[in-house]
Amino acid sequence: MNDFNQRDRIVRYRIDYEKELNAAQIEAVSFKEGALLVIAGAGSGKTRTLTYRVARLVEEGVPPQSILLLTFTRKASAEMLSRASRLLDNRCGKAAGGTFHSFANATLRRYAAAIGGQSDFTIIDRSDAESLVGMIRKEIAKDINRRGFPRNQTLLNIFSKSVNKSIPVEEVIYDDYPHFSVSVAPILAINESYQERKQQHKLLDFDDLLLNLHRVLKEQSDLRRKIAAAYRYIMVDEYQDTNQIQADILYLLAGDNPNVMAVGDDSQSIYAFRGANFKNIMKFPEIFPGTTIIRLEENYRSREPILNLTNKIIDRATEKYEKKLFTRKVGGKTPCLVETESENGQSKYIVDRIVALHDDGMPLDQIAVLFRASFHSFDLEIELTRRNIAYVKVGGFRFIESAHIKDVLAHLRVVANAADRISWYRLLLLINKIGPKSAQNIFQAVIDQSAGFSGLINLRKEFKPNRGLERLMELFCIIDARPMSVAQMGEVVINYYGPIVREKYDDYPRRLKDLEQLLSIMDRYRSLEAFLSDMALEPPNVSKGKVLSPSDTDQAHLVLSTIHSAKGLEWHTVFIIWALDGRFPSIHALNSQADLEEELRLMYVAATRAREMLFISYPGEIYDRGSGLLLNNPSRFIDGIPDDTLERKYIGYYLDLA
DNA sequence: TCACGGAATATTTTT
DNA sequence: TATTCCGTGA
């Protein structure tokens with residue numbers, strides 16, 4: 001028996017852990033020194049365990065500031081910490097929490113001086129990165145013929161994969177994109193130039209955040225020790241979705257006396273496409289010798305018939321930690337597999353069921369419709385609107401990615417970082433009569449002055465501004481003249497941008513509404529830098545066009561969500577749509593065993609979201625335009641499961657109504 | 001050098 | 001079904 005367990009008897013805890021947790025959970029929560037791996041099955045109280053552990057450590061007298069909770073989204077960590085605060089007291093809120101990316105961002109800015117870097121970098125998202133790559137390829141590789149050369153998007157996928165999997169770019173090409181092998185040289189040249197440009201313009205993409213943090217920790221051992229000493233207790237949630245660099249960062253952060261707790265479920269690893277490697281979780285005990293392993297196998301979420309099905313689904317995975325989930329929630333309805341005669345028949349069936357449930361008194365926010373890809377819900381959305389059912393859509397294309405939002409942000413970004421070439425281009429090209437060439441000249445002239453964004457104002461003589469450019473100069477004069485709050489700055493930018501959006505888009509009223517929404521978000525920030533970082537790192541997850549007006553938020557909404565965005569959540573009733581072989585699994589995953597396994601886990605994640613009722617549906621016959629195939633089989637992940645586990649139904653009565 | 005129109009080309013999930 | 005790219009005319 002170790003010291004800690006002896007103390008356990010003496011200390012009087014304010015929280016009654018024995019009563020609130022099961023044996024395995026208590027073991028995890030009261031674990032103190034060393035490395036701990038918690039293999040937590042779906043619905044086994046993973047979040048609960050992490051939350052109680054934070055509270056427990058604080059009760060033990062650990063200073064909350066020395067606890068670091070790394071999660072998959074910042075929302076998740078904020079929620080856990082606030083739950084811990086409610087359990088114990090608000091000391092728990094002082095623990096540090098966030099994603100690997102947000103932690104990297106904060107750390108790099110804080111220690112910028114010490115590492116000889118700059119703190120006024122801008123974080124660029126995927127589409128920013130794409131336009132940068134686009135600029136470069138035009139300059140250095142204009143002679144490459146279009147055909148047979150990867151698009152910007154693909155180029156970025158290659159670069160990013162190389163970083164996230166810690167393997168050279170060439171190798172990624174040979175392994176995953178053999179058809180581009182002939183273009184290795186120009187691709188490498190573009191990559192090199194891309195890395196240079198980012199440095200020049202003080203831009204960091206998502207991968208750079210992790211890379212830079214990793215490099216700093218690795219190369220500057222004094223600083224590493226300092227940071228490691230600051231965070232004596234580290235917890236990582238969703239460990240199955242970390243990649244190699246994140247695992248390395250964790251190792252370096254943990255220091256020589258690692259107190260690290262990793263929680264995850266290899267069966268729920270669904271982010272391989274961005275370099276996540278579920279084998280990380282298998283390797284954890286090797287990296288931290290002497291790791292204690294605890295399994296949480298009791299499922300508190302789902303009724304037995306649902307769990308029977310999900311156990312059957314994950315049985316088909318070939319590589320996993322063996323675990324057997326069980327539940328005490330016996331009884332309940334057998335999950336249903338529903339074939340409908342068409343896509344619209346599927347939508348109508350779903351809406352009918354939802355209306356029926358709602359009429360029986362079920363709140364709409366207890367129901368979710370989940371799907372593999374964002375566009376799978378288009379037809380359903382039309383049907384829901386027609387029947388007047390309130391819904392929110394999560395995942396897929398986002399609010400923040402729409403052109404008008406990015407336009408406004410570009411103006412703010414050059415204020416924060418005048419070297420941000422992407423944003424200069426973006427905002428200059430909005431102006432009439434200014435194209436790439438003029439934008440380049442103006443950008444260069446601004447940079448040459450090294451007077452920040454306000455350098456633009458002094459260019460009157462050189463560039464003989466037209467009306468549009470004149471207005472932009474006036475805008476920057478206003479911003480330059482006096483200090484402003486984030487929201488005030490947003491307001492003057494939107495005032496400036498108003499005429500542009502009216503001219504550019506027919507649907508400008510809707511877009512102007514979005515900008516209002518953006519303003520109300522800005523209102524919550526005191527520093528422009530923090531606002532911009534957050535917009536890149538954790539933008540509002542609600543899809544575009546579905547931004548809620550404040551009056552709407554009280555009302556319960558049906559949830560439509562991609563499965564990826566549904567991770568960690570649960571509902572009373574869950575519908576999984578488009579469980580059609582070729583859609584789910586996606587047609588593009590069919591020729592790779594690893595991809596198929598990932599899709600299988602995705603189906604598992606979707607099905608384990610349900611507490612009481614689960615419906616899986618697919619349209620009976622769909623012609624796939626892309627491949628020319630006729631898709632007419634249910635998803636292989638649920639096909640062939642006996643009727644007593646998954647009840648089959650065919651719904652054909654909508655045929656005449658379509 | 002810019003703007004516009006027609007043609008070509010496709011995957012999806014997110015920090 | 002959109003979006004993105006290229007060539008042409010002003």
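All values below come from the heavy atoms of this structure, side chains included, with hydrogens, waters and symmetry mates left out. In what follows, chains are A, B, ... by sequence order, proteins preceding strands, each numbered from 1.
Side-chain proximity of A:His564 to B:dT1, B:dT15, B:dT14: nearest is B:dT14. The side chain of A:Phe206 lies closest to B:dT15, out of B:dT15, B:dT1, B:dT13.
Note on A:Asp534 versus A:Arg74: salt bridge recorded, some NZ/NE/NH1/NH2 to OD/OE distance being below 4.0 Å.
When the nearest nucleotides of DNA chain B are assigned to A:Pro436 and A:Glu599 by heavy-atom distance, the more 5′-ward of the two goes with A:Pro436. Of the two residues contacting DNA chain B, namely A:Ala439 and A:Ser586, the nearest-nucleotide position lying further toward the 5' end is that of A:Ala439.
Seen from the ring of A:Phe531, A:Arg524 does not count as a face-on cation partner, given the 6.0 Å and 45° thresholds. The cationic group of A:Arg109 lies under 6.0 Å from the six-membered ring centre of A:Phe121 and within 45° of the ring axis, placing it in a cation-pi geometry.
If you measure from atom NZ of A:Lys433 to atom C1' of B:dC2, you get 7 Å, rounded to the nearest angstrom. Put simply, CG on A:Asn157 is 11 Å from P on B:dT12, counting in whole angstrom units. The nearest whole Å value for the distance from the CD atom in A:Gln246 to the C1' atom in B:dT15 is 8 Å. Atom P of nucleotide B:dT12 and atom CG of A:Asp595 are separated by 15 Å, given to the nearest angstrom. In this entry the distance linking CZ of A:Phe375 with P of B:dA10 reads 16 Å, nearest Å. The nearest whole Å value for the distance from the CE atom in A:Met535 to the C1' atom in B:dT14 is 16 Å. Counting to the nearest Å, the C1' atom of B:dT11 and the CD atom of A:Glu598 are 14 Å from each other. For the pair A:Phe278 CZ and B:dT13 P, the computed distance is 22 Å after rounding to whole Å.
Looking at heavy-atom distances under 4.0 Å, A:Thr99 makes contact with sugar-phosphate atoms alone, never a base. Across all strands, A:Phe100 comes closer than 4.0 Å to no nucleic acid atom at all (heavy-atom distances). The residue A:Ile434 sits close only to the backbone: its heavy atoms come under 4.0 Å of sugar-phosphate atoms, none of a base.
A:Glu381 and A:Tyr391 share a side-chain donor-acceptor pair at under 3.5 Å.
Taking 4.0 angstrom as the limit, A:Asn432 places a side-chain polar atom (N or O) nearer than this to OP1 or OP2 of B:dA3. One finds a side-chain N or O of A:Ser438 lying less than 4.0 angstrom from the OP1 or OP2 phosphate oxygen of B:dC2. Here A:Thr562 reaches the OP1 or OP2 of B:dT14: one of its side-chain N or O atoms lies under 4.0 Å away.
Ring pair A:Phe284/A:Tyr251: centre-to-centre distance not below 6.0 Å.
For the P atoms, the distance from B:dT12 to C:dC5 is 15 Å, rounded to whole Å.
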